[in-house]
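Shown next, in structure tokens, is the structure this report addresses.
The structure displayed is predicted, hence computed values, not measured ones. Residues: numbered from 1 along the sequence shown.
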Amino acid sequence: MGKTLGLGRERRIKQGRDFLRIRSEGKRFTCGCLIANWASAAGPRSRVGVITGRKMGNAVVRARARRLLREAFRVHQAELLNTVDLVLVARASIVGKGFSEVERDLLEAFRKGRLLKQSV
């Protein structure tokens with residue numbers, strides 16, 4: 001069995017100041033249903049934070065969008081070239097999309113930002 005790819009609380013960005021730092025100092029790409037902001041991480045592991053706006057829909061819709069984005073990151077976190085702090089902003093177009101579509105948009109953002117290892 002291979003190494004598990006968990007996404008515990010230590011792998012999530014929780015502090016407002018971290019969100020602000022990444023969004024202001026980091027790089028940004030828009031791909032389909034998401035906006036990816038990232039900056040170099042100070043810690044040993046990559047972390048992710050997800051933002052969903054109220055204009056997107058009710059709490060159920062926003063929670064589903066957050067789950068989809070976190071899961072797409074969790075599956076592909078081992079493919080990142082370096083450790084990064086990543087803030088994903090869900091766009092309204094994520095409503096009704098399946099996991100494969102969200103995953104495709106996230107991988108495209110990683111490719112644009114040259115965050116993936118060459119073998120992937």
Output the distance between atom CD1 (Ile51) and atom CE (Met56), rounded to the nearest 0.5 Å.
10.5 Å

Between atom CG of Leu86 and atom OG of Ser46, what is the distance when rounded to the nearest 0.5 Å?
8.0 Å

Leu69 versus Leu34: any side-chain heavy-atom pair under 4.5 Å?
yes

Could you see if Leu106 belongs to whatever hydrophobic cluster contains Leu116? Use Ile, Leu, Val, Met, Phe, Trp, Tyr and a side-chain cutoff under 4.5 Å.
yes

Might you point out which heavy atoms bring Gly26 and Ala39 nearest each other, and give the distance in Å?
CA-CB, 4.1 Å

Can you find a pair of side-chain heavy atoms, one from Leu81 and one from Leu115, that are under 4.5 Å apart?
no

Whether over 12 other heavy atoms sit under 6.0 Å from Arg45 CZ:
no

Kindly work out whether a path of hydrophobic side-chain contacts (I/L/V/M/F/W/Y, heavy atoms less than 4.5 Å apart) joins Val95 to Val102.
yes

State, yes or no, whether a side-chain contact exists between Arg70 and Arg12 at a heavy-atom distance under 4.5 Å.
yes

Could you check whether any side-chain N or O of Asn37 sits under 3.5 Å from a backbone N or O of Ile22, counting only pairs where one atom can act as donor and the other as acceptor?
no

Any donor-acceptor N/O pair, Lys97 side chain to Ala65 backbone, under 3.5 Å:
no

Is the closest side-chain heavy-atom distance between Pro44 and Thr83 below 4.5 Å?
no

Nearest 0.5 Å, what's the CZ-CD1 distance between Arg66 and Ile94?
11.0 Å

Separation of Asp105 CG from Phe29 CZ (nearest 0.5 Å):
14.5 Å

Transitive ILVMFWY side-chain link Val50 to Val84, under 4.5 Å
yes

Interatomic spacing from CG in Leu88 to CH2 in Trp38 - rounded to 0.5 Å
10.5 Å

Hphob cluster co-occupancy, Val75 + Val48, side-chain heavy atoms under 4.5 angstrom
yes

Find the distance between CG (Leu80) and CZ (Phe110) and round it off to the nearest 0.5 Å.
5.0 Å

Search all heavy atoms of Gly57 against all heavy atoms of Arg62 and return the closest pair with its distance.
O-NH1, 2.7 Å

Ignoring hydrogens, what is the shortest heavy-atom contact between Cys33 and Ser93? Give both atom names and the distance.
CA-OG, 3.2 Å

Tell me whether Glu71 contacts the main-chain N or O of Leu68 through its side chain, where contact means a donor paired with an acceptor under 3.5 Å.
no

Looking at every non-hydrogen atom in both residues, tell me the closest pair between Glu79 and Leu107 and how far apart they are.
OE1-CD2, 4.1 Å

For the pair Arg91 (side chain) and Gly32 (backbone), establish whether a donor and an acceptor sit closer than 3.5 Å, ignoring hydrogens and angles.
yes

Around Lys14, counting heavy atoms of other residues, nucleotides and ligands shown, do more than 12 lie under 6.0 Å from its NZ?
yes

